[in-house]
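Here's the structure, in structure tokens; my notes come after.
The first residue of the sequence shown is numbered 1, and numbering continues consecutively from there.
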Amino acid sequence: MRAVLGIDRKIKRAWLDALLDHLTQTTDNDELRRFLDERLAEELPGHASRAKSVGIALKIWSGGPANRLPLRDRAIALLPTISGQERVWLHWGMTSLAYPFFRDAAEVVGRLLTLQDDFTTAQVQERLLKKWGDRATTKEAAQKLLHTLVDWEVMRSTNTKGHFLLVARMSSPSSALQLWLLESLLAASSAEEVEAQQLLRLPEMFPFQLSIGLSDLRRHGGFHLHRQGLDMDMVSVRPVQVTTPAKSPKKKPAKKPKQPTPSLFQEPSDETPKKHVAQPIIRKDVDVVAVPVEEPPAKPEPISATTMVQPVEAAMPEPARAESRADLVRTERLAIVRDLDLPHDVPFSAPIGECVRLFHEDLDFACIALAHDTIDAILRLICRVKLSPRQAKCADIRSQFAGLTAMGVLPTTLKTRLEKLWYERVNYLELSTSETFDRSALEEVASSHISVLVEIVRQYLGHSSDQGRVLPDHPEYWNQGKNKLPFKAGAAG
């Protein structure tokens, strides 16, 4: 029997991010399906195509077996401690658990990149066909999966069709996130245990750079280590005991008491018990109505006073949680621009400073719009300096990105982030600040724009100071309309 590929279409990272955010609110599969179906309705208008994509995404984050739920819950618990870009670590581990084809394809790509700097779709397809069979669906699924990795910003495609390069290896300061990914990939592997050093160099983990070692593996509660031979440490996933709630035993209906059967010497009674029980109740109805009806109004008075106060006091702590979340968001925002030094001599210092002010004051719509225009202005300045006049006047700035990258002026990682901003530059206009999910997404878009702006300023408009004099790191970008360099600190731009 042939194995089922399962993941046979492109799955965008934005879909998984949205699903992961909603998963923090509910784990109900029907609710998650309804949410994702609405989220993808515009991008995938076809019902059948959308249903398949929704099914694949749900299986990644919500459709695993019971013994994988602890890994998923730990992934959700990591969300407050990691950045938005580090969510790729979580998607990578959960997708490997849900779809063996994804894990095998990642392993193939990882092995190719250990031998060479690039690879082609045909090379990946050729190696996957040996394990998954020579069929058209395998080739198509491999091609779709590579496009998925491009969307996740793990790979980038070149001008040659079917040719891919590794963007850059991702790193994370979180040892918990690194250990979680290792545990997920080992659980997804067909091997029950692997050698410790081999685990730290798994080929299917090629996009990620680890900073943990053997001592971290020993301390991790999810791993079981034992010595094999003289100097070989073997690692296996510690089994998780899944406790299912015990079903309450069904109560059997009480048996009706059997009526004694009359003997031959005892005549059956003509009286039926039911009629004799009912008659006294009917006779007492008059007395019951007369006496108890007067008493109930006297009792609710003290009870109603106490029950109205307690629920209000229990609801008081709710605003504190919203305030703590706002403080967390503000702390993250301050961290992005903490070390930004912006004297008046820096080109575009006024709009850059205004972007930072809007960012601090949570005016996200204005911040995104101004940051986008400021980034565009700085990049066009760089193009005027570095590119030919014909290239600098090109209307399509994305082609200018390619030209700057080819010259080595624009790093590939920064180019990828800029292209993402340009592709999604108007998507934020559909968000609403009255919706919790939209507000969180808007904050993330603003943080992305500001972090890119800060990186551009530091890389191209960076400077040092010497006795009150500003010394540009790249004077060619500062010398637009200036006659002398360096400038005196505090002078007008």
Side-chain angles (χ1 to χ4, degrees), residues 16 20 23-24 60-61 64-100 102-115 149 152 154 166 168-244 328 335:
L16 297 180
L20 185 54
L23 198 59
T24 60
I60 292 174
W61 276 106
N67 60 344
R68 303 286 168 81
L69 292 180
L71 272 172
R72 184 200 68 179
D73 296 340
R74 281 166 47 204
I76 297 174
L78 286 170
L79 283 177
T81 64
I82 63 176
S83 65
Q85 183 64 24
E86 288 172 332
R87 291 187 175 198
V88 177
W89 295 64
L90 303 180
H91 298 322
W92 197 271
M94 293 303 298
T95 309
S96 299
L97 284 168
Y99 294 103
F102 178 90
R103 195 206 70 85
D104 289 347
E107 182 181 358
V108 168
V109 173
R111 294 189 184 279
L112 286 171
L113 290 175
T114 57
L115 302 174
L149 299 187
W152 291 12
V154 172
L166 178 66
R169 299 188 70 186
M170 305 178 190
S171 60
S172 172
S174 173
S175 58
L177 179 62
Q178 299 178 44
L179 289 167
W180 179 91
L181 179 61
L182 281 179
E183 185 179 348
S184 301
L185 293 179
L186 183 54
S189 173
S190 57
E192 294 184 358
E193 61 179 14
V194 298
E195 198 269 327
Q197 295 301 327
Q198 181 183 352
L199 178 63
L200 295 171
R201 299 190 300 268
L202 288 175
E204 57 266 34
M205 202 172 53
F206 69 90
F208 310 102
Q209 186 172 3
L210 300 182
S211 59
I212 57 176
L214 182 59
S215 59
D216 299 287
L217 299 182
R218 292 186 184 280
R219 290 192 296 266
H220 183 53
F223 288 141
H224 173 71
L225 277 77
H226 69 276
R227 180 61 61 89
Q228 187 177 89
L230 296 176
D231 57 353
M232 184 179 295
D233 292 297
M234 302 300 295
V235 187
S236 61
V237 176
R238 194 179 297 277
V240 179
Q241 293 182 354
V242 181
T243 57
T244 56
L328 179 62

For the student: nearest non-hydrogen atoms of [X] and [Y], plus distance:
X	Y	value
Leu185	Ser96	CD2-OG, 3.5 Å
Met205	Leu200	CE-O, 3.8 Å
Leu97	Ala188	CD2-N, 3.8 Å
His91	Thr95	O-OG1, 2.6 Å
Ala187	Val237	N-CG2, 3.8 Å

Arg201: salt bridge (Lys or Arg N to Asp or Glu O under 4.0 Å) partners, not counting sequence neighbours: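 Salt bridge (Lys or Arg N to Asp or Glu O under 4.0 Å) list for Arg201, sorted by chain: empty.
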Got a sec, which residues hit ring pair (Phe, Tyr, Trp, His ring centres under 6.0 Å) with Phe102, two or more places apart in sequence or on another chain?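 Applying ring pair (Phe, Tyr, Trp, His ring centres under 6.0 Å) to Phe102 gives Trp92, Trp152.
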Could you measure the distance from the [atom1] atom of [X] to the [atom2] atom of [Y]? Nearest 0.5 Å is fine.
X	Y	atom1	atom2	value
Ile60	Leu20	CD1	CG	11.5 Å
Tyr99	Asp104	OH	CG	14.5 Å
Leu112	Phe206	CG	CZ	9.5 Å

Kindly indicate, with the supporting measurements, whether the criterion side chain to side chain contact (heavy atoms under 4.5 Å, CB included) is fulfilled by Glu192 and Ser236. CA-CA 6 Å; Glu192 294 184 358; Ser236 61; 5.8 Å; no
Sequence neighbours excluded - ring pair (Phe, Tyr, Trp, His ring centres under 6.0 Å) pairs with any residue from residues 168-198: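 Qualifying pairs, neighbours excluded: none.
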Non-neighbouring partners of [X] that pass side chain to side chain contact (heavy atoms under 4.5 Å, CB included), sequence neighbours left out:
X	answer
Met232	Glu195, Gln228, Met234
Ser189	Ala191
Ser175	Ile212

Please enumerate all residues that pass side-chain hydrogen bond (donor to acceptor under 3.5 Å, both in side chains) together with [X], with sequence neighbours excluded.
X	result
Arg169	none
Gln178	Ser211
Asp216	Arg219
Arg111	Glu107

Does Arg238 reach the main-chain N or O of Gly221 with its side chain, forming a donor-acceptor pair under 3.5 Å?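 Yes; judged by distance alone, with no hydrogens or angles, the pair exists.
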Listing request: all salt bridge (Lys or Arg N to Asp or Glu O under 4.0 Å) pairs with a residue in residues 203-212, at least two apart in sequence or in separate chains.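 Salt bridge (Lys or Arg N to Asp or Glu O under 4.0 Å) check on residues 203-212 returns Arg103-Glu204.
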Checking side chain to side chain contact (heavy atoms under 4.5 Å, CB included) for the pair Leu16/Arg87: CA distance, chi angles, key distance, verdict? CA-CA 9 Å; Leu16 297 180; Arg87 291 187 175 198; over 6 Å; no
List the atom pairs, donor and acceptor, that lie under 3.5 Å between side-chain atoms in residues 71-81 and the rest of the protein, sequence neighbours left out.
unit_1: Arg74; atom_1: NH1; unit_2: Glu183; atom_2: OE1; d: 3.1
unit_1: Arg74; atom_1: NH1; unit_2: Glu183; atom_2: OE2; d: 3.2
unit_1: Arg74; atom_1: NH2; unit_2: Glu183; atom_2: OE1; d: 2.8
unit_1: Thr81; atom_1: OG1; unit_2: Leu78; atom_2: O; d: 2.7

